[in-house]
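Atoms within a ligand are numbered from 1 in the order they appear, just like the ligands themselves.
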Amino acid sequence: MKYIIDTDPGHDDFFAILYAMRRLDVIGLTTVFGNSTVDNTTQNALRICDFAKLDVPVAMGAAEPIVGDFVVSAIHGTDGLEGGKSIPQTERHTDPRDAVQFLIEMGRAHAGKLSLIVLGPMTNIALALRDEPKLAEWISEISFMGGSTGTGNVTAFAEANVWKDPEAAQMVLTSGIPMRMAGLNLTNQARLSQIHVDRLANAGTKIGRHASEILDFYLTQHSARYTRTDGPMHDPSAVISLVHPDLFEFRDTAVSVELASPLLRGMTVCDMREIEPFPGEVLPTTNVKVGVRLNGPACVDAMIEAILEYH
Ligand code: BDR
Ligand code: CA
């Protein structure tokens, strides 16, 4: 299976990209607004690739959601990847194709053998599906970080990636593409802490040192926002579930995105009732494998080990 990572780097995207590149056949990155502007997230993706010597095309994507305005996440600092001695600027350029063209071309070329890992708002995927509906048949699966079966992070019930483009998320969730969700309820079970900052810093590798500074910034931001000193491993969890499915438990669930209510907009409504239909009753169709449990320490170790393979 080949993979494209659609991403808005992003501290946790940084770790997810490096992890994925060591463990999966990644044929490109597509970028999207989210943790910062798309100009910044694209630059960050190029900087990460250059710095870690990753030779993949980076295709720039959407700058704003399908409906409404884009709101930057303060938690990722000034440029989406703030922290420590920053990763050097790069001369690398984006692919001549934009994200939508890239997704469609790759989908056509690798039909049935291409999956997507989506780590930001789903705008690029929704726009690509709108331009080329056959993409839904070509893509084998989408593993995404987003949503929640319970509490949100941007609002009481909405998670950032879905909240930033709820219409796009709903289009993708109803496209018929098999979906695998790593929502907050799952990713909050994998915790990064000072122990991991130290482990990365003391490993004696250049990437380990930079990764420790990036993680340190991320944890500082999280502890200012939340009442604990460790932080959630969001984006890497959506990748690790593909490499180590044994560390995860998923449940087939009907999921829709709330679009109308001002209070609940961007909420992923996960129908987790364990019920049989009454005679004549039609229950909502299950469309997503929703992650409900993961082995946190094993997932974190898997991620750190992969980062320490870089020199
Ligand atoms: C998600 O939003 C971003 O802040 C992170 O990169 C992650 O993809 C978590 O809600
Ligand atoms: Ca992200």
Side-chain angles (χ1 to χ4, degrees), residues 4-20 29-38 40-45 47-48 58 61-62 65 70-83 99 116-125 142-166 168-169 172 180-192 211 214-215 217-226 230-241 257 265-268 290-291 294 299 303:
I4 294 173
I5 306 177
D6 187 75
T7 176
D8 62 338
H11 295 73
D12 53 335
D13 303 74
F14 164 87
F15 285 99
I17 292 166
L18 292 191
Y19 175 80
L29 306 187
T30 48
T31 59
V32 65
F33 73 91
N35 289 323
S36 189
T37 62
V38 73
N40 283 340
T41 59
T42 304
Q43 205 49 35
N44 293 344
R47 285 161 64 206
I48 293 167
V58 174
F70 158 48
V71 182
V72 177
S73 300
I75 207 144
H76 292 267
T78 49
D79 64 358
L81 195 56
E82 187 181 343
L116 306 183
I117 297 167
V118 179
L119 308 177
M122 295 204 195
T123 320
N124 291 332
I125 324 302
I142 295 179
S143 178
F144 72 101
M145 191 286 133
S148 174
T149 61
T151 312
N153 54 6
V154 182
T155 69
F157 290 105
E159 179 279 333
N161 288 340
V162 175
W163 181 80
K164 285 180 185 179
D165 196 341
V172 178
R180 185 180 289 267
M181 171 171 139
L184 295 176
N185 59 296
L186 184 78
T187 61
N188 276 329
Q189 296 172 38
R191 310 297 304 181
L192 293 159
I214 285 170
L215 181 56
F217 179 88
Y218 178 79
L219 294 182
T220 305
Q221 295 288 90
H222 272 78
S223 59
R225 176 78 167 158
Y226 301 94
D230 60 2
M233 192 173 73
H234 294 311
D235 289 343
S237 300
V239 190
I240 297 168
S241 73
V257 181
R265 184 167 158 79
M267 174 185 183
T268 43
V290 171
L294 57 69
C299 286
M303 200 266 298

So which heavy atom on Phe144 is nearest to which on Met122, and how close? CD1-CE, 3.3 Å
Quick check: does any side chain N or O of Asp6 sit under 3.5 Å from a backbone N or O of Leu119, one acting as donor and the other as acceptor? no
Is any N or O atom of Asn153, backbone or side chain, closer than 3.5 Å to an N or O atom of ligand 1? yes
Tell me which protein heavy atom sits closest to atom 3 (C) of ligand 1, plus the residue, atom name and distance to 0.1 Å. Asn35 OD1, 3.0 Å
In the protein, what heavy atom is nearest to atom 8 (O) of ligand 1, and what distance, to one decimal place, separates them? Asp235 OD1, 2.6 Å
One finds that the ligand 1 atoms under 4.0 Å from a non-hydrogen atom of Ala160 are 2 (O), 10 (O)
Check: Thr7/Asp13 side-chain N/O donor and acceptor closer than 3.5 Å: yes
Treating Ser36 as the side-chain partner and Thr41 as the backbone partner, does any N or O pair qualify as donor plus acceptor under 3.5 Å? no
Can you say whether the rings of His222 and His234 are parallel (under 30°), tilted (30 to 60°) or perpendicular (over 60°)? tilted
Please give me the minimum heavy-atom distance between Asp230 and Leu219, naming the atom from each residue. C-CD2, 4.1 Å
I'd like to check whether Met145 has a polar contact with ligand 1, where a contact means an N/O of the residue lying under 3.5 Å from an N/O of the ligand. no
Using a 4.0 Å heavy-atom cut-off, which part of Asp13 comes near ligand 1: side chain, backbone, both, or neither? side chain
Need one value: angle at the Ca ion (ligand 2), Asp13 atom OD1 versus Leu119 atom O, rounded to 10 degrees. 140°
Pick, from His11, Glu159, Gln221, Lys164, the option with the minimum heavy-atom distance to atom 9 (C) of ligand 1. Glu159
Kindly give the atom name of the N, O or S atom of Asp8 closest to the Ca ion (ligand 2). OD1
Is the distance between the Ca ion (ligand 2) and the nearest N/O/S atom of Asp12 smaller than 3.0 Å? no
The Ca ion (ligand 2) contact by Gly120, N, O or S atom under 3.0 Å: no
Find all atoms of ligand 1 within a distance of less than 4.0 Å from any non-hydrogen atom belonging to Leu119, and give their numbers and elements. 8 (O)
Checking side chain to side chain contact (heavy atoms under 4.5 Å, CB included) between Asp8 and each of Thr31, Val38, Asn161, which is the one that passes? Asn161
Would you check if there is a donor-acceptor pair between the side chains of Asn40 and Asp79 at a distance under 3.5 Å? no
Exam field: side chain Tyr218 to backbone Pro232, donor-acceptor pair closer than 3.5 Å: yes
If you have a sec, work out which protein heavy atom is nearest atom 2 (O) of ligand 1 and how many Å separate them, to one decimal? Asn161 OD1, 3.4 Å
Please give the atom name: the N, O or S atom of Asp235 nearest to the Ca ion (ligand 2). OD2
Has the side chain of Ser143 got a donor or acceptor atom that lies under 3.5 Å from a matching backbone atom of Ala238? yes
Nearest non-hydrogen protein atom, atom 6 (O) of ligand 1: Asp12 OD1, 2.6 Å
